[in-house]
Amino acid sequence: MTTNAQRLRTALEETLRLQDPESDGYKGWLQGPRSSPLPPSIPAESGSFYPTTDRALVCVTEIIDNIRINDAALARTLSRDEMFKRAMSTLGAKLPSLIEVAADDERWKQFREALANAFTGLPTSQNVYVPVWLFVRQEYGSFAVGPVEFVDRSGWLDKVEHLRGSRPAWRSGVEATWGLGGNDSDGVDGESDPRIKLAIETVTRFADVEQRIACVAISGFDDREANRRALLAARIAIDGIRLLIPGSNKRRVFTSADHGPPRAIERLRQTVGLDLVSGSGIEMPGVGGKPGAAQELIDSSKDFRSAAGNCITVIVSPTPAQENLPELSQRWSNAIHWYGRACVSDADFVALPMLGFTLDILCGGREEAGIRDLACALFEKKAEDSVRVDGLTLKAAVRKVYEWRSKIAHGSLLAVDLSLESERVFAESIANAMLYQYVMNLEQYRSSSFPLDTGEDFLKWLQENPPSTRTPAVATP
């Protein structure tokens, strides 16, 4: 097995043989075929660089991957790309001294210590902003799902200014473009400074008039990882809101980074001997409804949003083990993420396996029997109890959903051209109910006496403490 010491030696050898500009190796490096526009190099001090080879870069990448495998905490907070970037900079800075060390192990020891120092410099706290589609043609205030706060554009500008500590020079221009009142006269005209003009254009494009902005405060991660986790947190928060939205409207809420339903579709068809026949469709993002519906949903979901937020907190924590019930929390977050992807899918045969995955993850991968046991505990029913007016039992309902998941995913049911709308609605309703009951019961389990962070212990607690016997009892969405 190749060691990191050997990988480092190979990277140095590959780099050293290209340092003579008159050598055939250097000329080949300069003119030879390559997969990127610029030849591979290692950054050095004063803006210069060391020519190197793809093989050397592979060695550095393998060192990084090996470190990530053996240091889960570091791998969580520092993205792979950022680790590679810092490793390359460290190698360039240390290269003159490393080539003077004869022994592989001693050379690796010195480089490893330098890498450890390079990997500890993480940024301070930051806020990541994600435009989202939630409710349209509705008046409603700011609200939060744990660490994810949803604000309108005016509230977002206030938040940016507060975090900055002073009024941005571009704010007045943005407010004027967005048609927001209360513009201050001390704003700088964008036409007088091209940088401010560019800032106004950039911020103005950021969010649509009907959008809200998800604000996620996050710390302990590099920029790339912070962005990834903040977007994930926003998506899970929105997926939680889906549980409270009826019917097909669930697919209308999503982040600006997601592919939601197309706003407009033009269709053309033709019959032999006849001209084109046109058709069209439109599906706007966001959920409408009667006046006050959005605020009513927000007001009535306070307990749910708190429970969901406690799960999402684990996602944005650099030290998840220090959070309350991190495994069970992440199980819900993982499950509802699959549920959210199923809701926005435009294909039934794609959504059905995803809904099955949702339930399988929720029960800890214990397959059909595990889903059935968890459903019985959450709904206080026996497996043979009916769950539908036609007498369908809970056991049969779970079996249907699990069989659709297995048959489609494993290829025994070729479903790409099948219409499975009713099956999808049925599976979605079960997943919706189980996800809601799970997170609400998990919130009460957190405050029980010495809760253990395993699915088996949570299930046992549910069975010994049915939801209806607790105060307050768990409500239904």
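Contact check for Val253 versus Val287: side-chain heavy atoms found under the 4.5 Å cut-off. Side-chain contact between Phe379 and Ile430 is absent, with no heavy-atom pair separated by less than 4.5 Å. Counting heavy atoms from C-beta outward, Pro467 and Asn441 have side chains that approach closer than 4.5 Å. Between Thr255 and Leu231 there is a side-chain heavy-atom pair separated by less than 4.5 Å. The shortest side-chain heavy-atom distance between Arg305 and Ile298 falls under the 4.5 Å cut-off. The side-chain heavy atoms of Leu442 and Phe458, taken from C-beta on, include a pair separated by under 4.5 Å. Side-chain atoms of Leu134 and Ile241, non-hydrogen and from C-beta on, do get closer than 4.5 Å to each other. Residues Val277 and Leu268 form no side-chain contact, since every pair of their non-hydrogen atoms from C-beta on lies 4.5 Å or further apart.
At most 12 heavy atoms of other shown residues, nucleotides or ligands fall within 6.0 angstrom of atom CH2 in Trp338. Heavy-atom contacts from other residues, nucleotides or ligands closer than 6.0 Å to CZ of Arg269 number 12 or fewer. Shown here is Arg446, whose CZ atom has more than 12 heavy atoms of other residues, nucleotides or ligands within 6.0 Å. Under a cut-off of 6.0 angstrom, the local environment of CD in Gln322 is sparse, with at most 12 non-hydrogen atoms contributed by other residues, nucleotides or ligands. For Glu201, the CD atom is densely surrounded, since the number of other residues' heavy atoms within 6.0 Å is greater than 12.
Asn310 and Thr313 share no side-chain donor-acceptor pair at under 3.5 Å. Checking Gln211 against Asp152 by side-chain atom types alone, no donor-acceptor pair falls below 3.5 Å. In this model, no donor atom of one side chain and acceptor atom of the other lie less than 3.5 Å apart for Asp303 and Ser306. A side-chain donor from one of Arg167 and Ser172 sits under 3.5 Å from a side-chain acceptor of the other. With hydrogens and angles left out, the side-chain atoms of Gln295 and Asp299 include a donor and acceptor closer than 3.5 Å. Remark: the Arg76 side chain and the Thr319 side chain contain no N/O donor-acceptor pair separated by less than 3.5 Å. Side-chain atoms of Asn432 and Tyr339 include a donor-acceptor pair closer than 3.5 Å. Between the side chains of Ser317 and Glu323, at least one donor-acceptor pair of N or O atoms lies under 3.5 Å. No side-chain donor from either of Arg331 and Asn334 sits under 3.5 Å from a side-chain acceptor of the other.
Arg242 contributes atom CZ, which lies 5.5 Å from atom SG of Cys343 (distance to the nearest 0.5 angstrom). To the nearest 0.5 Å, the span separating CE on Met1 from OG1 on Thr3 amounts to 10.0 Å. Atoms CG and CD1, from Leu297 and Ile245 in turn, are 6.5 Å apart once rounded to the nearest 0.5 Å. Taking CD1 from Ile236 and CG from Leu232, the interatomic distance works out to 4.0 Å, rounded to the nearest 0.5 Å.
For Asp81, the salt bridge (Lys or Arg N to Asp or Glu O under 4.0 Å) partners two or more places apart in sequence, or in a different chain, are Arg224. Among residues two or more places apart in sequence or in another chain, the salt bridge (Lys or Arg N to Asp or Glu O under 4.0 Å) test is passed with Glu380 by none. Qualifying side chain to side chain donor-acceptor pair (under 3.5 Å) partners for Arg112, counting only residues two or more places apart in sequence or in other chains: none.
A ring pair (Phe, Tyr, Trp, His ring centres under 6.0 Å) with Phe304 is found for exactly one of Phe143, Tyr436, Tyr438, namely Tyr436.
Between Arg86 and Ala118, the shortest heavy-atom distance links the atoms NH1-O, 3.0 Å. Contact record, Ser329 with Asn324: OG-O, 3.5 Å, taken as the closest heavy-atom pair. Nearest heavy atom pair, residue Tyr445 against residue Asp457, reads OH-CB, 3.7 Å. Nearest heavy-atom pair, Leu244 versus Ser301, reported as atom, atom and distance to 0.1 Å: CD1-CB, 3.5 Å.
Between Arg366 and Asp373 there is a salt bridge, since a side-chain N of the basic residue sits under 4.0 Å from a carboxylate O of the acidic one. Ion pairing between a basic and an acidic side chain is recognised when a charged N comes within 4.0 Å of a carboxylate O; Asp158 and Arg153 show no such pairing. Taking the charged nitrogens against the carboxylate oxygens, Arg424 and Glu421 have no contact shorter than 4.0 Å, which rules out a salt bridge. With respect to Asp65 and Arg80, a salt bridge is recorded, a charged nitrogen being found less than 4.0 Å from a carboxylate O. A salt bridge is defined here as a Lys NZ or Arg NE, NH1 or NH2 lying under 4.0 Å from an Asp or Glu carboxylate O, and Lys159 with Glu149 meets this definition.
Cation-pi check for Arg372 over Tyr402 is not met; the charged atom does not lie both under 6.0 angstrom from the ring centroid and within 45 degrees of its normal.
Using a 30° and 60° split on the angle between ring planes, Phe426 and Trp404 fall in the perpendicular class, above 60°.
For the pair Ser89 (side chain) and Lys85 (backbone), a donor-acceptor distance under 3.5 Å is present.
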